[in-house]
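All remarks here apply to the structure that follows.
Remember, predicted model here, so these are calculated numbers, not experimental data. When a ligand or atom number is given, it counts from 1 through the structure's own listing order.
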Amino acid sequence: MLFGLIQKSKKEDMATTSAAASFLKSIATRRTIYALKPELPSNVTLDDVEATVQEVIKHTPTSFNSQVNRAIILTGEAHKKVWDQVVNSIPDDSGKRRPTSARDEAYGSVIFFTDDLVTEKLQAGFPAWAAAFPQFADHSSGAAQIDTWTAFTEMGLGAHLQHYNGYIKAALPADVPTQWSIHAQLVFGVPAAPAGAKEFGKNEVKVYK
Ligand SMILES: Cc1cc2nc3c(=O)[nH]c(=O)nc-3n(C[C@H](O)[C@H](O)[C@H](O)COP(=O)(O)O)c2cc1C
């Protein structure tokens, strides 16, 4: 047992002294923050938020470099209107809690999509892989979501990830392309309280030599 603990701390030391230490610290610092204020940190503008999301969407890898990721940033009245429609579409009071807090306590939400036309083109071009492309789009969207979340944390924003996909899609502005499949919403603002405690399992990683 003691040996196990020593081994673990050695591994952690290796991680914190590696050349990737600051990147790993950013990954570990990103947390789910539900308690938000509808503001941006004083040194962050909406342009900064947009530029960050744009960079993440641009550089997140996609299968066959298909550039399948898309995003919308909602804030202000547009944000309130969309989440208000979600609140009003959910029948039970307990289900309304999170969308209500997104509407009233967050500064904005990033809505993540992938473009079905891109996925369908890949399927037509590479039939042997056709079944895999929707999953590849999911993977790449997940990477974009978490990279945005981590970047926001570095900017002093708090955020939580939601999946009110059907409700959100129904409430979005009419000119959002219909072939954009919706994956997730990253709801963000200034943190009003820290993240809760987080427990870790074994998170096994094996090395074979
Ligand atoms: C793929 C994925 C889906 C998630 N979906 C939701 C969700 O629908 N609602 C929610 O409140 N949190 C959601 N979360 C947040 C997780 O519950 C949270 O990341 C996890 O408990 C670890 O906590 P941390 O984010 O503070 O590290 C999701 C996270 C991931 C990675």
Side-chain angles (χ1 to χ4, degrees), residues 8 12 15-16 20-38 41 52-53 56-57 60-63 68-74 79 82-87 89-114 119 132-172 180-205:
K8 188 174 172 227
E12 281 172 0
T16 50
S22 92
F23 178 65
L24 295 174
K25 188 162 179 257
S26 301
I27 289 175
T29 304
R30 179 226 50 80
R31 295 292 314 281
T32 293
I33 308 275
Y34 290 117
L36 299 172
K37 288 188 269 185
T52 303
V53 174
V56 171
I57 294 297
T60 298
T62 52
S63 67
V68 74
N69 283 307
R70 307 284 181 266
I72 288 176
I73 300 164
L74 296 172
H79 186 256
V82 166
W83 281 107
D84 191 53
Q85 191 169 319
V86 176
V87 170
S89 306
I90 292 177
D92 59 301
D93 279 353
S94 64
K96 291 177 189 284
R97 194 174 136 241
R98 196 69 76 202
T100 302
S101 90
R103 180 191 67 193
D104 298 339
E105 294 163 16
Y107 179 85
S109 301
V110 184
I111 319 295
F112 292 89
F113 305 84
T114 55
T119 301
F133 285 122
Q135 196 186 33
F136 289 166
D138 287 350
H139 293 173
S140 186
S141 178
Q145 293 160 36
I146 293 172
D147 281 350
T148 304
W149 197 350
T150 306
F152 278 9
T153 305
E154 291 293 300
M155 295 160 75
L157 289 161
H160 56 92
L161 193 66
Q162 298 301 326
H163 296 88
Y164 290 88
N165 295 344
Y167 294 113
I168 294 279
K169 182 129 196 183
L172 286 173
W180 287 16
S181 276
I182 187 164
H183 290 266
Q185 302 81 54
L186 187 66
V187 180
F188 63 91
V190 163
K198 183 173 177 181
E199 291 187 1
F200 292 91
K202 210 169 167 206
N203 296 300
E204 206 158 346
V205 177

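- Contact annotation for Lys198 and ligand 1: only side-chain heavy atoms (C-beta onward) come within less than 4.0 Å of the ligand.
- Ring to ring, Phe112 and His183 are not that close: their centroids are 6.0 angstrom or more apart.
- Close approach of ligand 1 to Arg31 (heavy-atom distance below 4.0 Å) involves ligand atoms 24 (P), 25 (O), 26 (O), 27 (O).
- Residues Ser109 and Gln185 bring no donor and acceptor atom of their side chains to less than 3.5 Å of each other.
- Arg30 counts as a contact of ligand 1, since one of its heavy atoms falls under 4.0 Å from the ligand.
- Distances below 4.0 Å separate heavy atoms of Trp149 from the following atoms of ligand 1: 19 (O), 25 (O).
- Ring orientation note: the planes of Tyr167 and Tyr164 are tilted relative to one another, at an angle of 30° to 60°.
- Considering only heavy atoms from C-beta on, Val187 comes within 4.5 Å of Trp83 through its side chain.
- Atom 15 (C) of ligand 1 has as its closest protein heavy atom Thr32 OG1, 3.7 Å.
- In this structure, the side chains of Leu157 and Tyr107 stay at 4.5 Å or more apart for every pair of heavy atoms.
- The distance from ligand 1 to the heavy atoms of Tyr34 drops below 4.0 Å at these ligand atoms: 10 (C), 11 (O), 12 (N).
- An N or O contact shorter than 3.5 Å links Leu161 to ligand 1 by distance.
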